Amino acid sequence: MADLLIELFSEEIPARMQVRAADDLKRMMADALKGAGLSFDAADAYATPRRLALHMTGIPESTPDVREERRGPRADAPEKAIEGFLRGAGVAREDLVEREDKKGTFLYAIIERKGRAASDVIAEALSDTIKNFPWPKSQRWGDGSLRWVRPLHSILCLFDGAAVDMEVDGIRAGDSTRGHRFMAPEEFTVSDFADYRQKLLDHKVILDAGRRQTLVRDTAQTLASAAGLELVEDTGLIAEVAGLVEWPVPMIGSFDASFLEVPEEVLILTMKKDQKYLVTRDPATGKLANKFIFTANIEPSDDGSAVTGGNERVLTARLSDARFFYEQDLKGKLEDNLPALEDIVFHKDLGTVAERVERIRKLAVHLAPIVGCDPKEADQAAELCKADLVSGMVYEFPEVQGVMGRYYAQAQGESDAVADAIRDHYAPLGPNDACPSAPVSITVALAEKLDTLVGFFGIDQKPTGSKDPYALRRAALGVIRLITENSIRIALNQLFDQDLGLLTFFGDRLKVQQRDKGVRHDLIDAVFAKGDDDLVRVLNRVAALSGFLDTDDGTNLLAGFKRAANILKIEEKKDGSSYDKPVDVSKLGAPEAEALSDALARAKEGAENALISEDFEGAMAALSGLRAPIDTFFDKVIVNADDADARASRLALLAEIRTAVNTVADFSVIEG
Amino acid sequence: MPFQKMILTLQNYWADQGCAILQPYDLEMGAGTFHPATTLRALGPEPWKAAYVQPCRRPTDGRYGENPNRLQHYYQFQVILKPSPENMQELYLGSLKAIGIDAALHDIRFVEDDWESPTLGAWGLGWEVWCDGMEVSQYTYFQQVGGYDCRPVSGELTYGLERLAMFVQGVDNVYELDFNGAGISYGDVYLENEREQSAYNFEIADTDKLFEDFRKAQDECAKLLEAKLPLPAYEQCIKSSHTFNMLDARGVISVTERQAYIGRVRDLAKGCCTAWMEKNAERWRDKYDWEA
């Protein structure tokens, strides 16, 4: 048993690709080795900006010997068939043996393969892995034809302490690598993984991304607390930073406090997205502080003031730009931006953004009384909701759309409700995004999403399979969340001029959303089949139904219903007529049937009353009174009685049960 | 190090690496990549090494001389190495050292930044190079130009000279850059130019004339392509691209039209690349055993 160490040393690998690449290297090598019959104990992969590494342990020296017998044609088969078999099996004529069985004498090929040396298997596997590596984007370089994420410079491949003999596109594997680009660039050889990891450390490279992240986080926290500040945790950014350096050296810098008058979302975006800086807050006020933490890739030869000064200058220039745009934007009013929206095409068949805003306004005014807000405020917020798209700030930083609109609205004296709605009308942007709860925000957010959905469904641009270029699923989920989380009572169908299939689409999205919360999809189908377009009521029904079916009464009633429905299906087909007609109680001819009829009358009345007040649990409870009479009925009474009148009455009774139960939900689509 | 000394140093450095030191192309263009010494030379099998300064015009970036970082006219230093050599990163770092950037003192980083020019139908992979958090160069391995695969691959380096000089001189305002080390500042040379050109670009430029220029350049280019003259045809393509940028600065191109204009410039660029390849095909075949 021996260890394998691989390192693929290249020019700088994009930070966002490193984790996945390390996993792919591990997976591909593990699969290739397993596929060749080579086992191993453990495999660990690593990535730095310049290298992918893999360490596998417990690999045998060679693959096991294999002996295989393959049955061929009959011994007296034509020569051509035998030759074909020899070619296919890759053996010579003398390797064939004859065996007899019931059907005759057949030729068998005995194929014996000696185990292959592990190093040969590894060489082949690594070569294939490199050539077929699934980089999201790859390139050629120089005169070569190999593709890699960036030029690949060297391959280290050690098995059992010795370099594996292999070559890819002119790069020969060896036992050496290099250290940190600037602090320890010299080449060195390694003997095994422990030696590799230690020597890298000696050459200013921390191999393990997790250790680089911890170092960044810990040092950043120390630096922040030393300055009396609190680090704003950002796991994603720390991971990215750790992918940009082989030797992280976090340092603290500052910017002029006067920049803090610019909205902090913009300051944070500038530092985080453009510069990859971690930001800090004043623990007393919770406000953004004018100190940031950046991570260098070197221990500078001075005290760090050159690097810090440089980073501060860059940030100052960027923040000056941001402040310039902010101040420019504040000089005008949001209304001034509206004409420019006429020049932005939303979609070629759906008009300009200005036209879209007009539609959203109309819809918002219509929705306002339903949601419960002032139509004037809804209209004002809707009119201005897209105005910041043509502001200088959003042109520079598209991510702060909405956020800037809120600041500008506040600055020009709009109410908080209007300003918040401008910011929040994009929300929720997915299952975990915060969902607006203020009435004006809900109204405009709903109007924005409904306009999107009606528009794209109207021009037949529905999502198909994995393709959803206009994020219509997300919009529908947004509508569902806005309505259900705020208990907005609204009949969706009334909002659509024509049937575009949107209600079905909402039903599907609702199923997906509720599935994640553990709700059975068939229950949603059962309720949706009733054609209810009030999502709040739909979910209440589903909840009541779900609770009911968890009880014994519920499961038994469902069983009774299914039995009744099955019998009816068969008999109605046989007779070619429906039994949805009045029950002639006098012809039922059995006390159990009469009892059921009485119980049904009570249950119907109870359920109907409960349904009027939307007491779905009450309706279920009323129906549960049917359980015992149904069970007894099926025990004692033969539905298909010889007496035609009795049969007809009993079937009509079952049909009435079917109808009664279906008033609450379509039980026929419930599974179980 | 004064601005002009930095340019001279870069020229000398790359001359020592075997580059032909070219002079700026005498047409307005948005980036040094547009120079035929890069765009056209990146195609085909012929080895090529060149370096040059290219003045760049980006009308929309004009700020009337009031922004310390943004200019509508600035300089790029452009290096093209074909095929990209094995030690290209080291060569590049050597050039930074030559202009006084000490890698032991400053944090130099290669940060993912893939390059794409929709107007040239070109793309490549590479980085923006950061020095203490400031982008000082763009580094690209060309994969396609004019829609054609680059074989061999050219390595392209683009230094933003003003930014680099501001970094080296530790200056926060571009106009305060020491231009010649003898009392002339960058502002002395270019501040008035920025004011006047911004006014021209944003306010005065006659849009009817520009639309006409764009159309004429398109027509002329098509005619030259028919005459199988890729070099003058490509000049018309450069002109139409700059005219488009001017129209953009005047705000007369709507978002929808924008794509159509870019598409038209791209079609010309592709046509020029095709004509250039056809023109050289026979020579490349004879000399480099090249197949299209």
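Note that this is a predicted model, so its numbers are computed, not measured. Chain identifiers are assigned alphabetically (A, B, ...) following the order of the sequence lines, protein sequences preceding nucleic acid strands; residue numbering begins at 1 within each chain.
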Worksheet entry | Verdict with reasoning, A/W141 to A/Q139, per side-chain hydrogen bond (donor to acceptor under 3.5 Å, both in side chains) | CA-CA 7 Å; A/W141 60 93; A/Q139 61 155 91; over 6 Å; no
Practice prompt. Determine, for B/R109 against B/D107, whether the closest basic-nitrogen to carboxylate-oxygen distance falls under 4.0 angstrom.
Written response: yes
Fill in: Heavy-atom contacts under 4.5 Å, residues 160-168 of chain B to chain A
B/M166, B/F167
Worksheet item: Could you walk me through whether B/Q72 and B/S198 pass the side-chain hydrogen bond (donor to acceptor under 3.5 Å, both in side chains) check?
Response: CA-CA 7 Å; B/Q72 57 81 41; B/S198 296; 5.5 Å; no
Fill in: Check: A/F397 ring centroid to A/Y395 ring centroid under 6.0 Å
no
Fill in: Aromatic centroids of B/F3 and B/Y186 separated by under 6.0 Å
yes
Discussion item. Taking the ring of B/F142 and the ring of B/W115, is the distance between their centroids below 6.0 Å?
Written reply: yes
Worksheet item: Would the B/Y159 and B/Y92 ring centres measure less than 6.0 Å apart?
Response: yes
Worksheet entry | Leading residue by heavy atom contact count with chain A [cutoff under 4.5 Å; candidates B/I108, B/D113, B/V111] | B/I108
Practice prompt. For chain A, find which of B/C150, B/P45, B/G124 contributes the most heavy-atom pairs closer than 4.5 angstrom.
Written response: B/C150
Item to complete: Could you please state which residues from residues 241-248 of chain A sit under 4.5 angstrom from chain B, measuring non-hydrogen atom to non-hydrogen atom, sorted by number, or 'none'?
Response: A/L244, A/V245
Worksheet item: Who pairs with A/R147 by side chain to side chain donor-acceptor pair (under 3.5 Å), at least two apart in sequence or on another chain?
Response: A/S138
Discussion item. Any salt bridge linking B/D114 with A/R150? Criterion: basic side-chain nitrogen under 4.0 Å from a carboxylate oxygen.
Written reply: yes
Worksheet item: For chain A, which residues of residues 131-138 of chain B have at least one non-hydrogen atom nearer than 4.5 Å to it?
Response: B/D132, B/G133, B/M134
